[in-house]
Amino acid sequence: MPAMTREPTSYPYRFERTTDVSSLRARFGSLEEGAESGESVAIAGRIATVRGQGKVAFADLKDATGRIQLFARQDDLGDEGMAEFKALGVGDIVGAEGEVMKTRRGELSVKLKRTTLLAPCLRPMPDQWHGITNVEVRYRQRYLDLLMNPDAVRMVEARAQVNSTIRSFLNDRGFSEVETPLLHPIAGGAVARPFVTHHNSLDMDLYLRVAPELYLKRLLIGGMEKVYELNRSFRNEGVSARHNPEFTMLEAYEAYVDYDDTMALVESLVRAIAEALLGGLQLDIDGTVVDLAQPFKRMSMFEAIEASSGHDLRGVWESRDRNALASAARAAGVGVEDGSPLGKVLGDIFEATAEKRLIEPTFVVGFPKDISPLAKDHRSIEGFTEHTDLVLAGIEIAPIYSELNDPAEQRARFEQQARSRASGDLEALVADDDFLEALSYGMPPAGGFGLGTDRILMILLGAPSIREVILFPTLKPGV
RNA sequence: GGGUCGCUAGCUCAAUUGGCAGAGCAACGGACUCUUAAUCCGUAGGUUCAGGGUUCGAUUCCCUGGCGACCCA
């Protein structure tokens, strides 16, 4: 613990700024060396570096828009003002008033008339030159990461850009942003394990949502035709470079269209996001250039598996030959449990062999019914649904469905999921009778999709881990 | 769940074969009237992640645990 020697008697309540650093640079950047502008300004920020020089001294002040030099002269400040300035240390938050000028060495500066300590930094700041490299410190003390590392700030801004791009894209197309519950009496809408919590006065368990899907569909039943929710959802599963227990995604639903229409919508949205973030559609994925301007590829799950492993599993699938499929799975390094439905085995093979090889944007069209209990039956492939996953950079970023709207079929799917759960699959969907009742009032045909915003940020920013794009990723408490 | 690696001052990192725990930056005190990773002199700062073991002696070797990273399932 460092000595906390400076205990100010009060922390000021506000400081009247007249401008910020980037505005100063824009207005006065062309001042001549040694010239004084004659203009007084008041700025505020954090002291980044200090350079004492006897009866003059320099400091760099950093605000959200940039960094600028403060120039203190004893002749201007007097003994007391100079002493106050020299008492400032790296990390202190100060207000600075003075005249804009440029030093003889050509550094745009504010020649101080007065400084005000607004909030002291009581601890030593990280090394100015090396910053913070320990990722654990960067995640646990993200404020230090933001102060030291421009990439961390870029991440925050990029997420804001993605969110606003999504909102304007969908709002422009007539979608309404809605908010549905995070606390669910039944955790539905995704094949995932939920977090459980408890409501004391109702004396009932509630689940943090794993997806907003079933509530958004209730809105379609209620007559809304285009809705979306930028939502935080929660899945009680392993933590990895691609999984955080809480994560952000978009879900959107549009009545009277099918998944072909929705694929086109998602394709446009992904381009809009890339354009907003990167200013173009060329993407560098670990050295591979991907051009998002090209039409996204479409292939079936069988084609994707065949392309990566050379095995055509169509015949095996059509013959429902469990042993043949299981041996294909073992060949792909996938473990098969006795009770696993064939569709799950096929999906696991796809994930293990093909998914990570799909670098260019690819719609994998058609998912087995067993692992897609909320999508309509496929029009032509037996045992499949109209469920597409958009894969980019080897990562699934967007599931897209022709939404299942037949209550009897939905009930049958829930029953199938219940059998999976009974045989040990804790991720299987729990039947939601309230949702079935809603469906029985009639839901229009609809296309819907999800888009993992954390994952798309990772891909577009080239982040190696999801923790790089989540401000405060879930970690065990430190020691 | 399995494997590998990491954890030393606020930060970035050293410490020879197991032999006095150090440097730079930051902090604190001093010098210096155009510096910009300022410079110079000085001061202070440590449960070496925790606990145990081996040893005359452990940051170092061994065991258990914690946290994190990467890879695999």
Side-chain angles (χ1 to χ4, degrees), chain A residues 1-7 21 25 31-36 46-62 66-79 81-83 85-92 98-99 101-112 120-149 237-244 329-337 340 348-349 351-353 356 426 463-468 472-479:
Chain A
M1 198 70 169
M4 296 186 186
T5 53
R6 291 171 303 116
E7 301 276 358
V21 169
R25 288 201 177 282
L31 267 184
E32 303 218 343
E33 291 172 9
E36 305 194 337
R46 194 183 285 272
I47 301 289
T49 60
V50 290
R51 295 176 292 283
Q53 183 77 31
K55 296 195 167 49
V56 299
F58 302 88
D60 286 347
L61 182 91
K62 215 175 120 186
R67 178 187 284 237
I68 196 165
Q69 179 167 268
L70 304 180
F71 179 25
R73 299 201 316 157
Q74 186 136 19
D75 295 348
D76 299 325
L77 290 170
D79 291 349
M82 194 66 187
F85 180 78
K86 285 189 154 186
L88 297 175
V90 170
D92 287 344
E99 180 187 356
M101 52 87 72
K102 199 170 258 187
T103 62
R104 283 177 223 153
R105 295 291 181 86
E107 183 74 33
L108 187 66
S109 306
V110 174
K111 195 171 73 170
L112 294 171
C121 176
L122 300 177
R123 287 174 172 269
M125 291 288 281
D127 187 298
Q128 287 298 311
W129 193 245
H130 299 97
I132 295 179
T133 59
N134 184 322
V135 293
E136 190 173 350
V137 175
R138 289 182 41 234
Y139 298 158
R140 290 190 195 280
Q141 295 178 275
R142 185 68 87 179
Y143 46 92
L144 294 180
D145 191 29
L146 289 165
L147 286 170
M148 305 308 299
N149 180 1
E237 294 163 4
V239 176
S240 77
R242 289 182 188 181
H243 299 86
N244 197 62
R330 278 190 296 275
V334 174
V336 181
E337 286 167 31
S340 285
D348 288 347
I349 293 172
E351 277 188 31
T353 61
K356 67 191 69 161
L426 295 173
S465 164
I466 195 170
R467 296 180 203 102
E468 296 292 338
F472 300 100
T474 305
L475 298 175
K476 287 195 181 185
V479 284

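In the text below, chain A, chain B and the rest are named by the order of the sequence lines, each starting its count at 1. All values reported here derive from a predicted model rather than from experimental measurement.
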Please report the shortest heavy-atom distance between A/Q74 and A/M82, naming the atom on each side. N-SD, 3.6 Å
Can you give me the closest heavy-atom contact between A/C121 and A/R46, atom names plus distance? CB-NH1, 4.4 Å
Could you pull out all residues at least two apart from [X] that satisfy side-chain contact (heavy atoms from CB on, under 4.5 Å)?
X	answer
A/E237	A/A192, A/R193, A/R235, A/E427
A/N244	A/E246, A/I466, A/I470, A/P473, A/T474
A/Q141	A/V137, A/Y143, A/L144

For the pair made of [atom1] in [X] and [atom2] in [N], what is the distance, rounded to whole Å?
X	N	atom1	atom2	value
A/I132	B/A26	CD1	P	16 Å
A/Q128	B/U36	CD	C1'	12 Å
A/R138	B/C7	CZ	P	18 Å
A/Q141	B/G10	CD	C1'	9 Å
A/E237	B/G1	CD	P	15 Å
A/D92	B/A26	CG	P	14 Å
A/D75	B/C34	CG	P	11 Å
A/M82	B/C32	CE	C1'	11 Å

[N] pairs with, by Watson-Crick or G-U criteria that keep both distances under 3.5 Å:
N	answer
B/G57	none
B/U36	none
B/C70	B/G3
B/G18	none
B/U12	B/A23
B/G46	none

With a cut-off of 3.5 Å and sequence neighbours excluded, list every side-chain donor-acceptor pair involving residues 49-60 of chain A.
unit_1	atom_1	unit_2	atom_2	d
A/T49	OG1	A/R51	NH1	3.0
A/T49	OG1	A/D60	OD2	3.3
A/R51	NH2	A/D60	OD1	3.2
A/R51	NH2	A/Q69	OE1	2.7

[atom1]-based separation of [M] from [N] [nearest Å]:
N	M	atom1	answer
B/A14	B/C25	C1'	15 Å
B/C49	B/C40	P	31 Å
B/U55	B/G1	C1'	37 Å
B/U59	B/C20	P	10 Å
B/G6	B/A44	C1'	30 Å
B/G51	B/U8	P	16 Å
B/G10	B/C72	P	36 Å
B/U17	B/C13	C1'	23 Å

Go through the steps to decide whether A/L108 and A/L31 satisfy the test side chain to side chain contact (heavy atoms under 4.5 Å, CB included), and finish with yes or no. CA-CA 8 Å; A/L108 187 66; A/L31 267 184; 4.2 Å; yes
Could you grab the distance from atom CZ of A/R140 to atom CG of A/D145, nearest 0.5 Å is fine? 14.0 Å
Any donor and acceptor pair, going by atom type alone, linking the side chain of [X] with main-chain N or O of [Y] inside 3.5 Å?
X	Y	answer
A/S240	A/R242	yes
A/R104	A/G34	no
A/R25	A/R67	yes

Per-nucleotide protein contact string for nucleotides 68-73 of chain B, where B marks a base within reach and S marks sugar-phosphate only (heavy atoms under 4.0 Å, - for neither): SSS--S
Does A/K86 reach a base, just sugar-phosphate, or nothing at all? Heavy atoms under 4.0 Å. base
Which is true for A/G34 with a 4.0 Å heavy-atom rule: it touches a base, it touches only sugar-phosphate, or it touches nothing? nothing
Got a list of protein N/O to nucleotides 37-39 of chain B N/O distances below 3.5 Å?
unit_1	atom_1	unit_2	atom_2	d
B/A37	N1	A/W129	NE1	3.2
B/A38	OP2	A/R51	NH1	3.4
B/A38	N7	A/G52	O	2.9
B/A38	N6	A/G52	O	2.5
B/A38	N1	A/Q53	OE1	3.2

Which residue lies toward the 5' end of RNA chain B, A/K55 or A/V137, if each is placed at its nearest nucleotide? A/V137
Of A/V90 and A/Q74, the one whose closest nucleotide on RNA chain B sits nearer the 5' end is A/V90
Reckon A/T133 has a side-chain N or O less than 4.0 Å from the OP1 or OP2 of B/C13? yes
